[in-house]
K.L.:
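Quick one: the structure is below, questions incoming.
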There are 2 protein chains.
Amino acid sequence: MTGERRKFTRKSEDARREALIAAALELIAEGGPTAATVRAIAARAGVTPGLIRHYFDGKDDLTREAYRAMMAAMQADNTTVLGPATADPATRLAGFVTAALRPPVMDPHRMGLWAGFIHQVRSDPDMAAVHAETYLRYRDLLESLIADLGRHEASALRGLAIACNGVIDGLWLEGSALPAAFAPGELERIGLMAVGAILGLDLLSRHPAEEQP
Amino acid sequence: MTGERRKFTRKSEDARREALIAAALELIAEGGPTAATVRAIAARAGVTPGLIRHYFDGKDDLTREAYRAMMAAMQADNTTVLGPATADPATRLAGFVTAALRPPVMDPHRMGLWAGFIHQVRSDPDMAAVHAETYLRYRDLLESLIADLGRHEASALRGLAIACNGVIDGLWLEGSALPAAFAPGELERIGLMAVGAILGLDLLSRHPAEEQP
DNA sequence: GCCTCAATTATACACTTGCATAATTGCAGA
DNA sequence: TCTGCAATTATGCAAGTGTATAATTGAGGC
């Protein structure tokens, strides 16, 4: 009885590419770039290493595509949480802030994923462009939310958006890096307080206080 | 003539350990954890790979020590920039904020170094403890600076310190990740504006405005 | 049902990684 | 000056890395 050849089923190119990208992202999130070897990625995707070379130009190509997918997913998350522009601007903004400061966005794995890409983003111009574009789009979205409040001069919007973005990113970082240091909901409240103070309005009242009986 | 054996000079244990740690940190900052191989570290330290095993229990041990050294250096930076408690509290706070938002603290390499450690910090309890301790000490320092202002109730200090820390970290992150997106000094000004707004005081006036003729 | 061919697997290779061990040699103390 | 020993280098190895190439085989079109 010779070593039996592994059974397999053929799937669409899209399905295979998605599965490989998802596997790569999971592994990077869990163990950093080092853990995302070709063999590990293939194993997690339920496939043989050779298939990676069949659907991608190589490991670097797969990594680039995975980064693209991650950034696209993050952006989709942001527009989803925002919803339609029916609610009043302050409430929309409050929802935007708190969404970033609780799971699944605020999560050690997500931060690990983000950190795992940093060096390649810096060395690969293609990835750097994706990074810059996504960041600026996020900030522009925030700026438009602030503009909708109708409280600030147009010339101040850029600085305010950068500041609020900083608050959100910074608290996200702290909470993701050291989850045990904060009570549940604490960072959401602090985020609303800080962004409200910067913009000169009370956002905390827009927040469903989950600690009240 | 056989291959000549490499000349070398003996050095103290401390000097060799420091050189190896410095080399490891440089490599991680430049190219991420992947680039910091034993051979690369040894080469940069002007030494042969075997010496790493002579002074450290292995590569992981060297990595841990390098992380410790980095965190200690960062902490020393913070207390240095603060200086003696002679100046008035608001000016001290302003100096603390701006120091984090300009080189050499705000720097792509530093961010890369920090990011390069994240996964090991998460998986190694020893490194995790160092991380938590350093973060909390930084925040406590910030909290005491805020308390010195004499404007806030003690019960509010924790939240304010977390918020200001978030602003600083977030802007540091943005500026380090995408330096080209900001004008020189812009993030310092935005940081002072935001921290001032959160704490209810004008910090911008404490900042030497370098853009005025 | 069978045939074809692309999707998938299997195998092999050159290179790198961390580490263990043995061979040297700089240099402090006599 | 010489000698001994620890600091340093040299060598080798097993495991893991990405990739190229050849061998199989699932499944849609006839």
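Since this is a predicted model, take the numbers as computed values, not measurements. Every chain is numbered from 1, with letters handed out A, B, ... down the list of sequences.
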K.L.:
Please list, pair by pair, any protein nitrogen or oxygen found under 3.5 Å from a nitrogen or oxygen in nucleotides 13-15 of chain D.
P.N.:
none

K.L.:
Taking salt bridge (Lys or Arg N to Asp or Glu O under 4.0 Å) as the cut-off, I'd like each qualifying pair that reaches into residues 166-175 of chain B, sequence neighbours left out, listed once.
P.N.:
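Every pair satisfying salt bridge (Lys or Arg N to Asp or Glu O under 4.0 Å) with a residue in residues 166-175 of chain B: there are none.
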K.L.:
Each nucleotide N or O in nucleotides 25-27 of chain C that has a protein N or O under 3.5 Å away: list the pair and distance.
P.N.:
from: C/dG26; atom 1: N2; to: B/Arg10; atom 2: NH1; distance (Å): 2.2
from: C/dG26; atom 1: N2; to: B/Arg10; atom 2: NH2; distance (Å): 2.9
from: C/dG26; atom 1: N3; to: B/Arg10; atom 2: NH1; distance (Å): 2.9

K.L.:
Figure out the CG/P separation between A/Leu51 and D/dT19, and round it to whole Å.
P.N.:
14 Å
K.L.:
Please state whether the phosphate of D/dT8, meaning OP1 or OP2, lies under 4.0 angstrom from any side-chain nitrogen or oxygen of B/His54.
P.N.:
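Looking at the OP1 and OP2 atoms of D/dT8, neither is under 4.0 Å from any side-chain N or O of B/His54.
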K.L.:
Measure CG/A/Asp61 against P/D/dG18 and give the value in whole Å, please.
P.N.:
14 Å
K.L.:
Looking at side-chain heavy atoms only, is the closest gap between B/Leu93 and B/Leu142 below 4.5 Å?
P.N.:
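Counting from C-beta outward, B/Leu93 and B/Leu142 do come under 4.5 Å.
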K.L.:
Just verifying a value: how many Å separate B/Ile21 CD1 and B/Glu26 CD, rounded to the nearest 0.5 Å?
P.N.:
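It is 12.5 Å, given to the nearest 0.5 Å.
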K.L.:
A/Val195 and A/Cys164: which non-hydrogen atoms are nearest, and at how many Å?
P.N.:
CG1-SG, 3.8 Å
K.L.:
Would a distance-only check, ignoring hydrogens and angles, find a side-chain to backbone donor-acceptor pair under 3.5 Å from A/His119 to B/Ile28?
P.N.:
yes
K.L.:
Between atom CG in B/Leu62 and atom C1' in C/dC19, what is the gap in whole Å?
P.N.:
14 Å
K.L.:
Does atom CG (A/Asp57) have a neighbourhood of more than 12 heavy atoms from anything else shown, all under 6.0 Å?
P.N.:
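No, the 6.0 Å shell around CG holds no more than 12 heavy atoms from other groups.
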K.L.:
Would you please name every residue forming a salt bridge (Lys or Arg N to Asp or Glu O under 4.0 Å) with B/Arg17, sequence neighbours left out?
P.N.:
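B/Arg17 satisfies salt bridge (Lys or Arg N to Asp or Glu O under 4.0 Å) with no other residue.
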K.L.:
Can you name the closest pair of heavy atoms from A/Leu101 and A/Gly191 and give their distance?
P.N.:
CD1-CA, 3.9 Å
K.L.:
Ignoring hydrogens and angles, tell me if any N or O in the side chain of B/Ser176 forms a donor-acceptor pair with the backbone of B/Leu173 under 3.5 Å.
P.N.:
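Side chain of B/Ser176 to backbone of B/Leu173, a donor-acceptor pair under 3.5 Å: no, none is there.
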K.L.:
In this structure, how many angstroms lie between the P atom of D/dT25 and the CD atom of A/Glu4, rounded?
P.N.:
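The distance from CD of A/Glu4 to P of D/dT25 comes to 10 Å, rounded to the nearest Å.
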K.L.:
Tell me, do A/Arg139 and A/Tyr135 make a side-chain contact under 4.5 Å, heavy atoms counted?
P.N.:
yes
K.L.:
Tell me which residues in residues 11-37 of chain A lie within less than 4.0 Å of DNA chain C, going by non-hydrogen atoms.
P.N.:
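Going residue by residue through residues 11-37 of chain A, the ones with a heavy atom under 4.0 Å of DNA chain C turn out to be A/Lys11, A/Arg16.
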K.L.:
Would you say D/dT8 has OP1 or OP2 under 4.0 Å from some side-chain N or O of B/Tyr55?
P.N.:
yes
K.L.:
For A/Arg68, enumerate each residue passing the salt bridge (Lys or Arg N to Asp or Glu O under 4.0 Å) test, keeping only those at least two apart in sequence or located in another chain.
P.N.:
A/Asp126
K.L.:
Nearest whole angstrom, please: distance from the P of C/dT17 to the CD1 of B/Ile41.
P.N.:
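The answer, rounded to whole Å, is 11 Å.
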K.L.:
Looking at every strand, decide which applies to A/Phe56 at a 4.0 Å heavy-atom threshold: base, sugar-phosphate, or nothing.
P.N.:
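A/Phe56: no heavy atom of the nucleic acid under 4.0 Å.
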